[in-house]
Amino acid sequence: MNTFWLKIMGLAVLAVVVIILISVFTSGTDSESPEPEPKVPQKTFYDQAEEDKQRFLSEPQALDSQSQTTATEQAPPIDKQTAAQAVPPAIEPPKPVQPVLVYFKELGEIDQIEAERLLNVAVPGRSIGRLPITGFKLMVDSCRTIISKWPESRFAYTAKQMLADLPERYQKRYQVTEEEKDLSMFAEQRPGTKPFTIKEEYR
């Protein structure tokens, strides 16, 4: 009698094991199951710092009088709507890099050195600001100094780009104004300015 019930229990356990094994093997070979998406490698601090250098420390291309007319046709000037948008929506497909025609005042040798020094403080300040328990104060202060001292130079253009590219919560924290982010003046030729082309690779 006892062996009869032991046999029944043994058969029941065996049936459960067989069902589990069948479900494991069939779900593993199921062609309809979605494949896991490949993980996108995250950028390290050094990758972001290198990107910041390439983006904000590259010099614009000066135009001579002969190539100015050709560049005006090829390189569309920045408009107010483009200038106001720091980063395009992620939904849009990437567009080919187009040179943008802008107008800057060239600086004297001493001003150039000082502006380059401040820009070389602002760009690493931007990278450092991404770290935890830090902020963008060093970058913002350097950018504001550049904008106030040399408002029509290429350095002011880059400083305004950097301020416009800050996340919105930091713009509120440091009270970044619309005027400090406005790039529209660089699209028009003004007295004493010269034409340059820049590549907006990250815009």
Considering all heavy atoms of both residues, which atom of [X] and which atom of [Y] are nearest to each other, and what is their separation?
| X | Y | result |
| --- | --- | --- |
| I146 | A156 | CG2-N, 3.6 Å |
| P151 | F186 | O-CZ, 3.5 Å |
| T134 | I128 | OG1-O, 2.8 Å |

Cluster question for you: counting only ILVMFWY and a side-chain heavy-atom cut-off of under 4.5 Å, with indirect links fine, are [X] and [Y] together?
| X | Y | result |
| --- | --- | --- |
| M162 | V121 | no |
| V102 | M185 | yes |
| L107 | I147 | yes |

(request) Under the side chain to side chain contact (heavy atoms under 4.5 Å, CB included) rule, what do K181 and D165 come out as? Steps first, then yes or no, please. (result) CA-CA 9 Å; K181 301 183 290 181; D165 199 49; over 6 Å; no

Residues in salt bridge (Lys or Arg N to Asp or Glu O under 4.0 Å) with [X], at least two apart?
| X | value |
| --- | --- |
| E179 | none |
| E180 | R144 |
| R173 | none |

(message) Run the ring-ring contact (aromatic ring centres under 6.0 Å, His included) test against F136 and tell me which residues pass, sequence neighbours left out.
(response)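 If we apply the ring-ring contact (aromatic ring centres under 6.0 Å, His included) test to F136, skipping adjacent residues, the hits are Y170.
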
(request) Look at the rings of F196 and F104 and say which category their plane angle falls in: under 30° parallel, 30 to 60° tilted, over 60° perpendicular. (result)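 The arrangement is tilted - the two ring planes meet at 30° to 60°.
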
[X]: side chain to side chain contact (heavy atoms under 4.5 Å, CB included) partners, not counting sequence neighbours:
| X | answer |
| --- | --- |
| S148 | none |
| D141 | K137 |
| T145 | L118, K149 |

(request) Only pairs at least two apart or in different chains count here, so list each salt bridge (Lys or Arg N to Asp or Glu O under 4.0 Å) that has a residue in residues 10-22. (result)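 Pairs touching residues 10-22 that pass the test: none.
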
Distance check, rounded to the nearest 0.5 Å: [X] atom [atom1] versus [Y] atom [atom2]?
| X | Y | atom1 | atom2 | value |
| --- | --- | --- | --- | --- |
| T158 | R154 | OG1 | CZ | 6.5 Å |
| C143 | Q161 | SG | CD | 10.5 Å |
| T193 | E188 | OG1 | CD | 10.0 Å |

(request) Taking Q171 for its side chain and L166 for its backbone only, find out whether a donor-acceptor pair lies under 3.5 Å. (result)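 Indeed, once roles are kept as given, a pair shorter than 3.5 Å links the two residues.
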
(request) For N120 and E116, indicate whether the former's side chain and the latter's backbone hold a donor-acceptor pair under 3.5 Å. (result)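 Answer holds: yes.
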
(message) Other members of the hydrophobic cluster containing I133, with the 4.5 Å side-chain heavy-atom rule, please.
(response)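 Noted: I133 shares its cluster with no other residue.
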
(request) Output the rest of the hydrophobic cluster of I110: all Ile, Leu, Val, Met, Phe, Trp and Tyr residues reachable through side-chain heavy-atom contacts under 4.5 Å, sorted by chain and number. (result)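 None; I110 is a cluster of one.
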
(request) Name all residues meeting the side chain to side chain donor-acceptor pair (under 3.5 Å) criterion together with R117; count only those two or more places apart in sequence or in a different chain, and write none if there are none. (result)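 Only E114 meet the side chain to side chain donor-acceptor pair (under 3.5 Å) criterion with R117.
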
(message) Please evaluate residues Q112 and F155 with respect to the criterion side chain to side chain contact (heavy atoms under 4.5 Å, CB included), reporting the C-alpha separation (whole Å), side-chain torsions for both, the decisive distance (0.1 Å), and the verdict.
(response) CA-CA 9 Å; Q112 175 98 4; F155 300 99; 3.9 Å; yes

